[in-house]
Amino acid sequence: MAPRIAASAAEAVAEIRNGSTILIGGFGNAGQPMELIDALMDCGATDLTVVNNNAGQADAGLALLIKERRVRKIICSFPRQSDSWHFDTAYRAGEIELELVPQGNLAERIRAAGAGIGGFFTPTGYGTLLAEGKETRVIDGKGYVLETPIHADFALIKALHADTLGNLVYRKTARNFGPIMATAAKQAIVQVDEVVPAGSIDPEVVVTPGIYVDTVVALGGKK
Amino acid sequence: MSTFSTTEAKLTRDEMAQQVAADIPAGAFVNLGIGQPTNVSNFLTEEQGVTLHTENGMLGMGPVATGEDIDEDLINAGKIPVTELAGASFFHHADSFAMMRGGHLDVCVLGAFQVSKDGDLANWHTGAEGAIPAVGGAMDLAIGAKQTWVMMSLFTKTGESKLVEALSYPVTGLGCVSRIYTEVAIFELAGGQVTVRSTHGISFEELAERLPVGLVKAA
């Protein structure tokens, strides 16, 4: 089925409910769906579990959701940054749960969810604090840790263009988590600069096929 | 194994980076960690034909972007705007870390708090009370590349060796470091043996006295 084309970011996120698990794309500001996060802020949903590489920067986007204590738990690889003050405050106050995951395991757990994999053995993290309590196995003399998929209710991602069938192309390093997050959520909500007619993206360059995309909103681009 | 050499003066940070750059094989795929290792890129030559990988999804990363070349969609792992070279490619995060974990990168250069004689690496967390932990790609980088090299100062501010028998900081990866570049010596690690390739501003004997691990002098 072709994706829903929402008229606004607010309409795109309107189905997000309290207690949802949400994958949010972006590495730093590149690929961060800032307008969708702002709309999530406005829609009032709370008690959220958020999956993102970081835990918000400065006074925008995810950082504000955390500031308003709308995020119950964050699953991320790199929460501590020079400008992550809202996360730092919430964490030190014991008001947000942190699941710290090595970045490659985070990406692979998301990929696994989208690909129907029930778990995988990875060498990353073996013998470290982040593998404590997890099943391990030695395969051909090398240690591995069992990691499980991260499924989500929603994914909020940013791409450059979508066509009317939801096929996506991204821009440079803003691609980062977008393609895997689109596959791992029950509903993938995508903000793009522009929605173009089906057939106007060369099938050879489609990065995320439309089968993964549920909602698209065109917000125009700066460039 | 190269032959032992020594210089009168300690290596400066630039000289360390220069030394690392000179040791990177021609045509290698390389990931340079945040901090001191990033400086290595300034000393790679065009003839070396080295391709730089950045964990956030790019091969063929060029120098830091300035002026009109700054593009917020084109950044490195330190979230600094960079440029792309001819022949660059972009890919998503799972592919980027599969490249690492799958052993496709030839060399990865990282900073460290401590390295053990067995090549165990600590560089992600001091373990200090109240510190907010953050790991990023450190654990993936440590164990993923064919060779992991470390750049660090050999001694802490209070004079303790960061090359140790066994780590006292939390582990990033076990048995992964094969070479350490410091301002006073370059070490090769293999099978629990620490070989000193060169010393700088210190004699082999003085170095051996100051370090808590047994040292072998390169032939």
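To find a chain, count down the sequence lines: A is the first, B the second, and so on, and within it residues start at 1.
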Counting heavy-atom pairs under 4.5 Å with chain A, which one of [options] comes out on top?
{"options": "A134(B), G144(B), A122(B), G173(B)", "result": "A134(B)"}
{"options": "M100(B), E84(B), R101(B), H125(B)", "result": "R101(B)"}
{"options": "A94(B), G127(B), A88(B)", "result": "A94(B)"}
{"options": "P133(B), A142(B), G137(B), G130(B)", "result": "P133(B)"}
{"options": "A138(B), A98(B), S96(B), A77(B)", "result": "A77(B)"}
{"options": "L174(B), N76(B), V135(B)", "result": "V135(B)"}

Part of [X] within contact of chain B (heavy atom distance under 4.5 Å):
{"X": "N54(A)", "result": "side chain"}
{"X": "V101(A)", "result": "backbone"}
{"X": "F177(A)", "result": "both"}
{"X": "N29(A)", "result": "neither"}

Side chain to side chain contact (heavy atoms under 4.5 Å, CB included) partner of N31(B), the single match among L141(B), T148(B), V107(B)
L141(B)
Using the salt bridge (charged side-chain N to carboxylate O under 4.0 Å, His left out) rule, pick out the option among R72(A), R70(A), R69(A) that qualifies with D47(A).
R72(A)
Over 60° means perpendicular and under 30° means parallel, so tell me whether F113(B) and Y169(B) are parallel, tilted or perpendicular.
tilted
Do you know which of [options] has the most heavy-atom pairs with chain B at a distance under 4.5 angstrom?
{"options": "R109(A), R92(A), R111(A)", "answer": "R92(A)"}
{"options": "G125(A), G31(A), A55(A), P79(A)", "answer": "P79(A)"}
{"options": "C76(A), S77(A), A107(A)", "answer": "S77(A)"}

Between D73(B) and R175(A), does at least one N-O distance fall below 4.0 Å, as a salt bridge requires?
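Between R175(A) and D73(B) there is no salt bridge, as every charged N stays at least 4.0 Å from the carboxylate O atoms.
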[X] side chain to [Y] main-chain N or O, any donor-acceptor pair under 3.5 Å?
{"X": "Q191(A)", "Y": "L36(A)", "value": "yes"}
{"X": "T172(B)", "Y": "N123(B)", "value": "yes"}
{"X": "D163(A)", "Y": "V196(A)", "value": "no"}
{"X": "D118(B)", "Y": "D120(B)", "value": "no"}

Tell me, please, whether F27(A) has K79(B) positioned over its six-membered ring: NZ or CZ under 6.0 Å from the ring centre and within 45 degrees of its axis?
yes
Between the side chains of S200(A) and H161(A), does any donor sit under 3.5 Å from an acceptor?
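Checked: S200(A)/H161(A) side chains show no N/O donor-acceptor pair below 3.5 Å.
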Residues T208(A) and Y170(A): side-chain donor-acceptor under 3.5 angstrom:
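Yes, because at least one side-chain N or O of T208(A) sits under 3.5 Å from a partner of the opposite role on Y170(A).
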Listed by number, the residues in residues 81-89 of chain A that come under 4.5 Å of chain B (heavy atom to heavy atom) are Q81(A), F87(A), D88(A)
List the atom pairs, donor and acceptor, that lie under 3.5 Å between side-chain atoms in residues 18-29 of chain B and the rest of the protein, sequence neighbours left out.
from	atom 1	to	atom 2	distance (Å)
D23(B)	OD2	Y181(B)	OH	2.5
D23(B)	OD2	R197(B)	NH1	3.1
D23(B)	OD2	R197(B)	NH2	2.7

